[in-house]
Amino acid sequence: MSDAATLTETPQQADRAVTIYEKSVPGRRAAQLPPSGVEETPIDELIPSHLLRGEPAELPEVSEPEIIRHYNRISRRNFDLDTGFYPLGSCTMKYNPRLNERVAALPGHARLHPATDPADAQGALELMYLLQESLSEICGLPTVSLQPSAGSQGELAGLLLSRAYHKDKGRNPGKVLTPDTAHGTNPASVSMAGYEVVKVATNETGGVDMDDLRSKIDDDVACLMLTNPNTLGVFDENIAEMASLVHEAGGLLYYDGANLNAIMGQARPGDMGFDIVHVNLHKSFSQPHGGGGPGAGPIAVSDRVEPYIPRPQVVMAEREGWDQFFDLDYDRPKSIGRMRGFQGNFGVFVRSYAYILSLGGDGLSEASRLAVLNANYLKHRLSEGRAGKYLPVAFDRHCMHEFVLSGAPMKKELGVKTLDLAKRLLDFGFHPPTVYFPLLVDEALMIEPVETEAKEHLDAFADAIEKILEEAESDPEIAINAPYTTPVRRLDEVGATRRPVIRQPK
Amino acid sequence: MSDAATLTETPQQADRAVTIYEKSVPGRRAAQLPPSGVEETPIDELIPSHLLRGEPAELPEVSEPEIIRHYNRISRRNFDLDTGFYPLGSCTMKYNPRLNERVAALPGHARLHPATDPADAQGALELMYLLQESLSEICGLPTVSLQPSAGSQGELAGLLLSRAYHKDKGRNPGKVLTPDTAHGTNPASVSMAGYEVVKVATNETGGVDMDDLRSKIDDDVACLMLTNPNTLGVFDENIAEMASLVHEAGGLLYYDGANLNAIMGQARPGDMGFDIVHVNLHKSFSQPHGGGGPGAGPIAVSDRVEPYIPRPQVVMAEREGWDQFFDLDYDRPKSIGRMRGFQGNFGVFVRSYAYILSLGGDGLSEASRLAVLNANYLKHRLSEGRAGKYLPVAFDRHCMHEFVLSGAPMKKELGVKTLDLAKRLLDFGFHPPTVYFPLLVDEALMIEPVETEAKEHLDAFADAIEKILEEAESDPEIAINAPYTTPVRRLDEVGATRRPVIRQPK
Amino acid sequence: MAGYTPATRDDQVAMLAAIGIDSIDELFAQIPEAIKLGRPLDLEDGLSESEVYKRLASLAEWNQDAEEIPSFLGAGMYDHYVPAIVDAITSRSEFLTPYTPYQPEVSQGGLQVMFEFQTAMSELTGLPVSNAGLYEGPSAAASAAYLAMSATGRTGLVASRGVHPHSRETLATHAVGFGAELTEVPLVDGLTEAKALEAAIDDTTAAVFLQNPNFLGSVEDIERLGEFATSKGALLIVAVDPMTLGILKPPGECGADIAFGEGQPLGNRLDFGGPSFGFFCAKQEHIRRMPGRIAGETTDVDGRRGFVLTLQTREQHIRREKATSNICTAQALNALGALVHLSWLGKQGFVELGELLVRRTAYARKTISGLDGFELLHDAPVVREFAVRSDRPVEEVIHMTPDPSQPGPHIPVYPLGRDYPEYEDSFLVAITENRSVEDIDELAHVLQHGQAGWGEFIHDHDENGNAVGENGLVGATQGGRS
Amino acid sequence: MAGYTPATRDDQVAMLAAIGIDSIDELFAQIPEAIKLGRPLDLEDGLSESEVYKRLASLAEWNQDAEEIPSFLGAGMYDHYVPAIVDAITSRSEFLTPYTPYQPEVSQGGLQVMFEFQTAMSELTGLPVSNAGLYEGPSAAASAAYLAMSATGRTGLVASRGVHPHSRETLATHAVGFGAELTEVPLVDGLTEAKALEAAIDDTTAAVFLQNPNFLGSVEDIERLGEFATSKGALLIVAVDPMTLGILKPPGECGADIAFGEGQPLGNRLDFGGPSFGFFCAKQEHIRRMPGRIAGETTDVDGRRGFVLTLQTREQHIRREKATSNICTAQALNALGALVHLSWLGKQGFVELGELLVRRTAYARKTISGLDGFELLHDAPVVREFAVRSDRPVEEVIHMTPDPSQPGPHIPVYPLGRDYPEYEDSFLVAITENRSVEDIDELAHVLQHGQAGWGEFIHDHDENGNAVGENGLVGATQGGRS
Ligand SMILES: Cc1ncc(COP(=O)(O)O)c(C=O)c1O
Ligand SMILES: Cc1ncc(COP(=O)(O)O)c(C=O)c1O
């Protein structure tokens, strides 16, 4: 900035976005490749020219120093978990141990080809086997398939298991029940599995409305898909009853385990009577979120469903000359088949298994207990003062690992929407909670303060909200025009959708 | 920030410095240690209690997530080479290839104990041997010792070699000649070697004043210590003559090779008649500067000096059963002995050898040529417009890899000191050049734009200086009060020295 | 137990007091006793960091990785050299630890990466629209089928057997949910049989899947084959190996509606199969049916350039059961790795790498098919992978140890038997810039002399650090590093 | 040749034109023809990144590192577990790539690190003044001598033979320049001989050097020995192993004027000996004679807290020939590694680690001295390292291969012969938290049975990933990983 007298914008704001393509200079390069070491035969003598590319792809032409400067620079335009409190509801933003990155990077893991003969990949297969065993114990279900790439693929796999299960029983039910609080991936997965979504209402305590459920259970119900604790952070105490109702009607029970962080070592989906659970290793099991992946969504299933799980499955097999041999079992005639290539996101398995080893059974249980303590403490802090007045909790009861507030009074009395509050939080150095979800809560704020956050951060967050509301009482415009200090301010999303510019113009 | 109307300070400025100790909470911890696995004997039964510590050291009590947040956060309060142009004169701030970090981290390097039997460390010894050979070729001198930890230790080693050499010849000269342009470490090393510093004047073209030199050469001169190109970025064409003058008088020639980046593959200290050269691997050979180290300062020497080099030396030896065996030679009766522990900064050797392999002979030569081109281009850009008027070049001739401007006219005519200009550059996102060195140039600005910087950065830097001077013409206060946008603004260094607070108060 | 949780006893007491309860147990009262676990989890107690490291390092020792022994395995994932700068960038907390950029004002880094990635993929494939990435290759095939069905209102899927077996299996799995039927078309002489393809397509065909190079490594004439699809109103969907697109005509220029593929060869480790990413590009007309995240350019209230997630009305969090896909968490970090790798290769380097692959592969193909007892399975043109027939059973050929009773190690080439019973006497050999001519010669040597041969072939370690002696194929048979 | 230089031909032409010359050669005209090289450097041509990686990786394979085989080598550098968070932080560009913080406004990160580091070292040593680090341990001894000589105006240096041989050698080397004389004091029963020490000190003695634990691992009574020095007006200078300071009385409480040491055990890799760092702490009265950088707290013009390099008038760039030291580039990044490691260990963990070392070492000492043919060299108390006498020649004992004609590998313990001819029948054994009880038992086994023994001791890999079979001592004799 050249005008020194006053700051008109922050240094980062003044530093406008420039893409790597705009830094490209013809003839610049980073990579040097090894010589081929063989005859430099013209390519079109090896591949017919009509199959060859004419113009090279317009990739950047930049030197290596420019590359690292470019990406380091834009990396600082992200808010990340290692910068501050990130209470994004339903996302379990817990600390990502660097130990896990270290072990995942060992050449024996990172440079192991997925098609390596099992005899030459015993370490990797044993690790997968041990992770299956661990997740099986945590979920209370006998069999685990690690294959699904993330939660949503786990859901789809689970629903296809339900199809296979019913088909095998000679049935062909068409409906899947999901509470109206369900995460968006649930109904989307239901459709992709060729099922019809039937919504079930929520009762006044945040659980499933049992009457509505009963009225909708019939023999066309393939499956009930439930998140527990649900997206309101509420544990549904009728869960066992629901399970038996659905089972009686011949349906299966699918447990969306994205919120497992609330109950590890406390209660297990299997013990609640569920048949299929998916687990988000990038939530409860510390896989870094990477700006939107990678993750993994293993599924744990009951014996009823076991015959249909995806192929291949890691098993402990008999092999002469070995006291234990771990193998990939393809010979599963009733399997739904593959959900994806090779054996799943192994690198994620390494990290999550390292996490499980680090915490142990006691540690996982403690993690859940402290996650729930943090959530209830923050809920309490936000029930006081102005937050209590303008941001009432959606369901006033002890919550599990997260809770949902409603910004409706704030909107009504101060003209400040939940979105405005979220944006203003950015100026205070906090990542906002999940907003406008779950849908049934007006102006929802979904807050998940994980166990790896210290009390002082929860207090600071509560203080910031109090301060923002205080500001808003005197001048709502402050929040309505926020943020002010972020690398860019509010962005025109509507315009972006109307005339999409989704790549560097040629 | 809470006041949204105007920005009173940047977000980083608003985020005040807090130390890790101030984040400490009794009972918090990160590390969990393995169980001892043996009897938990009380410590005072194993070590007499009067030898034991009473109170534990007040180390931080923080969780692991807090540690990474703390250090990531303060890391962003550094300007670094991967952020932008860093033309710090005499420091050769060239790109640090990440390949070098990768190879240095290989367990075979990173976890190799320095006392490993040579038979079990052949890879490391061979690498050191190959680096010695490479530096020998680059410097034009037959023998290289890698031991010195950095340039200044190389200098001291070199001066102690001179002592040993003369002593062995039955001489005991007491003086070392150094030009007044010498880097501060030169005279400091001379004193630590027990020699008297004799300053030699600089002539009107920036080289050594030959008459002054002649007048000071006598048989009490142990050594001439010269940097070439010198700290003015000038190559001294009388170098050969100086060499013979000093040799005739029985003295040795020490070449401060910190500026080797100007002449790799172009000319060699050995060919100029020098006996001892130190090389800064953290300058010409891309070792990252690490915020002030680590580095390494190997020395290359002539046969005359070889008998005295530090112990141990890596040599290729005969060993039956091996076609080549690399050994540590301790049997050097005339050696000055050790300058430090073990074999030197091996991790730095790995990086620099990787750099030499990557560039090769041709690449090193090209690097020097482009470094010199960049320097002369930027010097030209700064001879135009206001820079040309207010910041004349100290010695108007083609420079080598760096050049020195004088801010004297700027100070006189605008009341803006070199320091002010430097601080104002910070607001423009540039690291300032080296300032107030060399001492003989009034209000000096020493600028070294290395070969890894693109032309557009040199242009942007020149434009920024033009802009700052333009500003200063209308309002010098802007520069005088700069910087404005940095994490902190000008700091009270005098106060810091008057009442030193150099640790967290208890 | 690791110290990732900061709450001290004092903290807990203070928090409980504030909440107004005496113990954390009270918070779990909402879980009915009947379903409480009521016992500790039956898992080991937590270990210290150094113990966890040791345990996993010693497990990893049991894997025969490409660092230890040069791998010629391919089949969709390749041991390319991932430049160090990729790790340096992807390991930064700022990229590693945030989640999906729901708050664009503080996610410009991630969003700009998506935008730049989309541009690169669109350039590679020659198609105007790219998303920010999907899970991996095969499941991207399923997404493509889903798009094609909704675009055409048809239910027929036709796939060449040249398409990766994992993609075909994944399609079959998803077809059950989508209500689609999948038909396969055979190969002749290493290429998709044109007649059979033409015959398989009719006006119920939603999409035709081809792969280039196909699973046997052959370069297909996509343009010609594609006409059978487009002429019948089916979408042409082409799976591509991104590393070959510096050389091969991009699908966009061959009439493809959709191009997708496994992204691993671009800046991603092998990781025993994942995580990597899938890319997905399409014609403009399909933009509002695209699966996955898409970043778009826009401006902020002060007119600053910025980026946002765009066209979100396609997505599950808005459209729910009507979404174009159920994907949520994807593979953003892996896509970043690809972007950095591509920037590092650059416009020229990307082409040069393709040329290097073609030439070294030609050499390897000639060398290995020249060995007695071996011949080419087909002589169609190839880029970086080829199929070889062996007179001896493949299992026997690839078994490396002197003592056949030992379970391993195996020569790292890909036996075709499981996926293609019709080729159970053949295997695939894949080449990358990491496989030097010396590696190839050594492979030939070991294939030829098998168990007997290894003895003769011991080198001292050589200056080029190439895979011989020490950590070469041969070395591996005697126990790798010494 | 690597692409680190951006200048294209066009860039070069434009720059030359601006300068007004035709070729870069003209810029080198200032170098007299006579001394121009006039030929290419006789070095290989540049290699691609993957080739460099392979070459260095294959060189590294020839090193027997502590990852491959558990090391009991110590002698000042120890194979502690460096937590992953240390690499995560020290590898950030923001810490890795800047230089000395000459511009404090944009160097607050590095300066605060120095300030926090100084605090930690001052806490460990119990001395109020710490600098931001020196090169490594032994050269810090020389700096201490330089300080002592200027503080006392004396020239005599007295050092116990318990001080690390490298420190004594380094002192001797520098003494020539300093004009000092170095006298050594012998050890008895593993400890500095008090009488001899007292006798060696007189009123020309500038400094007395002791080490704790000393090189043989023994815990010295610094307080008692120190009085001989202070009573004669000499400075008491104590070398310490920082990892023992959770347990041992800090030098500051033993009357030391200066405490220094090798910092490697704190958060630094072995790196075959460097880079690491040396720490240097002193009494308040010596603050203006300290060598090296020191960061101090201050405020900026707006009153914000900040940090600067302080007391710079001591330093070479200001004081030149009168500087208190010639050090310029030091070891800032290594000091950061130590600070992060110490923060990770924390107040409690640091003590616990010391206790762990004491107990495991006691076990190892008992186990190994109990083997027949072996006995303790001394029975003074130890923390983490101890000396053992062997009946058989040490060279023979540590030679692990069945075939004695083979040059290696060796059992990684430290033979004392070279440094202490008087103990040529003895060796040192060092323990860290990385050396499990199983490792220790295996060491005992191999020492006992030597070449003969290794055969019996082959394990399948074990769940604890401990050093047996695969990557254990024993495994190593058969070629490490397989
Ligand atoms: C409750 C719930 N279910 C399902 C998902 C989908 O998981 P994923 O994003 O891994 O596909 C998520 C997270 O995004 C979730 O919060
Ligand atoms: C010309 C010159 N000589 C000597 C040195 C000292 O080198 P070091 O900092 O490695 O001790 C430097 C750099 O600081 C220098 O620029």
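Throughout, a chain's letter reflects where its sequence line sits, starting with A, and its residues are numbered from 1. All values reported here derive from a predicted model rather than from experimental measurement.
- Atom-to-atom distance recorded for D:Thr5:OG1 and B:Leu370:CG is 5.5 Å, nearest 0.5 angstrom.
- Distance alone, capped at 3.5 Å, places no donor-acceptor pair between the B:Ser191 side chain and the D:Lys322 backbone.
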Exercise for review: Applying salt bridge (charged side-chain N to carboxylate O under 4.0 Å, His left out), run through D:Glu352 and B:Arg29 and close with a yes or a no.
Suggested key: CA-CA 12 Å; D:Glu352 292 169 8; B:Arg29 62 184 304 158; 2.8 Å; yes
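- In this structure, the portions of B:Val348 lying under 4.5 Å from any heavy atom of chain D include both its backbone and its side chain.
- The contact between D:Ala88 and chain B is made entirely by side chain atoms (from C-beta outward), counting heavy-atom distances below 4.5 Å.
- Here the side chains of B:Arg111 and D:Glu68 are not in contact, with every heavy-atom distance at 4.5 Å or above.
- D:Val301 touches chain B through backbone and side chain together, each having a heavy atom under 4.5 Å away.
- Under the 4.5 Å side-chain criterion, counting only non-hydrogen atoms from C-beta, B:Phe79 is not in contact with D:Ser107.
- Side-chain contact check for D:Gln112 versus B:Thr19: some heavy-atom pair is nearer than 4.5 Å.
- Between the D:Thr100 side chain and the B:Gly292 main chain, no donor and acceptor come within less than 3.5 Å of each other.
- In this structure, D:Glu105 and B:Arg489 have side chains that are not in contact, with every pair of non-hydrogen atoms separated by 4.5 Å or more.
- A pairwise comparison of heavy atoms in D:Asn63 and B:Ala124 identifies OD1-N, 2.8 Å as the closest pair.
- Both the backbone and the side chain of B:Thr452 come within less than 4.5 Å of a heavy atom of chain D.
- In this structure, chain B has heavy atoms under 4.5 Å from both the backbone and the side chain of D:Leu96.
- The contact between B:Lys423 and chain D is made entirely by side chain atoms (from C-beta outward), counting heavy-atom distances below 4.5 Å.
- Contact of the D:Ile35 side chain with the B:Phe235 side chain is registered, since non-hydrogen atoms from C-beta on lie closer than 4.5 Å.
- Interface residue D:Arg305: backbone and side-chain heavy atoms are both found under 4.5 Å from chain B.
- Contact of B:Pro34 with chain D is made through backbone and side chain together, with heavy-atom distances under 4.5 Å.
- Residue contact with chain D, scored on non-hydrogen atoms closer than 4.5 Å, involves the side chain of B:Leu426 exclusively.
- The shortest side-chain heavy-atom distance between B:Ile20 and D:Thr119 does not fall under the 4.5 Å cut-off.
- B:Pro56 and D:Val351 make their closest contact through CB-CG2, 3.9 Å (heavy atoms, listed as atom of the first residue, atom of the second, distance).
- In this structure, CG on B:Leu99 lies 4.5 Å from CD on D:Glu49, to the nearest 0.5 angstrom.
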Point to revise | Step-by-step side-chain hydrogen bond (donor to acceptor under 3.5 Å, both in side chains) determination, B:Ser75 to D:Arg92 | key: CA-CA 8 Å; B:Ser75 78; D:Arg92 284 179 63 82; 3.0 Å; yes
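- Both the backbone and the side chain of D:Pro104 have a heavy atom closer than 4.5 Å to some heavy atom of chain B.
- A cation-pi contact links D:Arg418 to B:Tyr330, judged by a cut-off of 6.0 Å to the six-membered ring centre and 45° from its axis.
- To the nearest 0.5 angstrom, B:Ile502 atom CD1 is 7.0 Å from D:Ser130 atom OG.
- Of the possible polar contacts, one joining the B:Arg53 side chain to the D:Leu245 backbone as a donor-acceptor pair under 3.5 Å is found.
- Between D:His166 and B:Phe342, the ring planes are perpendicular. Angles over 60° get that label, and only those under 30° would be called parallel.
- Heavy atoms closer than 4.5 Å to chain B are found nowhere in D:Glu262, neither backbone nor side chain.
- With a 4.5 angstrom heavy-atom cutoff, D:Ala323 touches chain B only via side-chain atoms.
- Between D:Leu27 and B:Met400, the shortest heavy-atom distance links the atoms O-SD, 4.3 Å.
- Looking at D:Ala18, the atoms closer than 4.5 Å to chain B (heavy atoms on both sides) sit in the backbone and in the side chain alike.
- Nearest heavy-atom pair, B:Pro294 versus D:Leu333, reported as atom, atom and distance to 0.1 Å: CD-CB, 3.9 Å.
- For B:Arg16, the part lying under 4.5 angstrom from a heavy atom of chain D is the side chain only.
- Between the side chain of B:His113 and the backbone N or O of D:Met77 there is at least one donor-acceptor pair closer than 3.5 Å.
- Using a distance-only test at 3.5 Å, with no hydrogens or angles considered, no donor-acceptor pair links the side chain of D:Glu44 to the main chain of B:Gly360.
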**Study point:** Working for salt bridge (charged side-chain N to carboxylate O under 4.0 Å, His left out), residues D:Glu94 and B:Arg76
**Key:** CA-CA 6 Å; D:Glu94 292 86 341; B:Arg76 297 196 195 90; 5.5 Å; no
Exercise for review: Determine, stepwise, if the pair B:Glu126 / D:Trp62 fulfils side-chain hydrogen bond (donor to acceptor under 3.5 Å, both in side chains).
Suggested key: CA-CA 10 Å; B:Glu126 179 172 354; D:Trp62 287 80; over 6 Å; no
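- If you measure heavy-atom distances from D:Asp302 to chain B, the contacts under 4.5 Å come from the side chain alone.
- Between the side chain of D:Gln331 and the backbone N or O of B:Gly293 there is no donor-acceptor pair closer than 3.5 Å.
- The contact between D:Ile287 and chain B is made entirely by side chain atoms (from C-beta outward), counting heavy-atom distances below 4.5 Å.
- By the 4.5 Å heavy-atom criterion applied to side chains, B:Ser358 and D:Leu47 are not counted as neighbours.
- Contacts of B:Asn96 with chain D are made by side-chain atoms alone, with heavy-atom separations under 4.5 Å and no backbone atom involved.
- Remark: D:Arg359 does not engage B:Glu39 in a salt bridge, criterion side-chain N to carboxylate O under 4.0 Å.
- Using a distance-only test at 3.5 Å, with no hydrogens or angles considered, a donor-acceptor pair links the side chain of D:Asn326 to the main chain of B:Ser152.
- Interface residue D:Phe115: backbone and side-chain heavy atoms are both found under 4.5 Å from chain B.
- Ring pair D:Tyr99/B:His289 is tilted by interplanar angle, where 30° to 60° counts as tilted.
- Neither the backbone nor the side chain of D:Thr313 comes within contact range of chain B; no heavy atom of the residue lies under 4.5 Å from a heavy atom of that chain.
- Here the shortest heavy-atom pairing between D:Pro101 and B:Gly291 reads CD-O, 3.7 Å.
- Using a distance-only test at 3.5 Å, with no hydrogens or angles considered, a donor-acceptor pair links the side chain of D:Glu136 to the main chain of B:Gly341.
- Residues D:Leu311 and B:Pro500 have side chains in contact (heavy-atom distance under 4.5 Å, counting atoms from C-beta outward).
- The part of D:Val437 that comes within reach of chain B is its side chain, from C-beta onward, which places non-hydrogen atoms under 4.5 angstrom from that chain.
- Considering every non-hydrogen atom in both D:Leu345 and B:Ala31, the closest pair reads CA-CB, 3.7 Å.
- The part of D:Phe28 that comes within reach of chain B is its side chain, from C-beta onward, which places non-hydrogen atoms under 4.5 angstrom from that chain.
- The part of B:Tyr95 that comes within reach of chain D is its side chain, from C-beta onward, which places non-hydrogen atoms under 4.5 angstrom from that chain.
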Practice item. Dump the intermediate steps for side-chain hydrogen bond (donor to acceptor under 3.5 Å, both in side chains) on D:Gln12 and B:Lys455, then the final yes or no. Key: CA-CA 9 Å; D:Gln12 295 182 35; B:Lys455 176 174 177 296; over 6 Å; no
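- Although no hydrogens or angles enter the test, the distance criterion places a donor-acceptor pair under 3.5 Å between the side chain of D:Thr173 and the main chain of B:Arg338.
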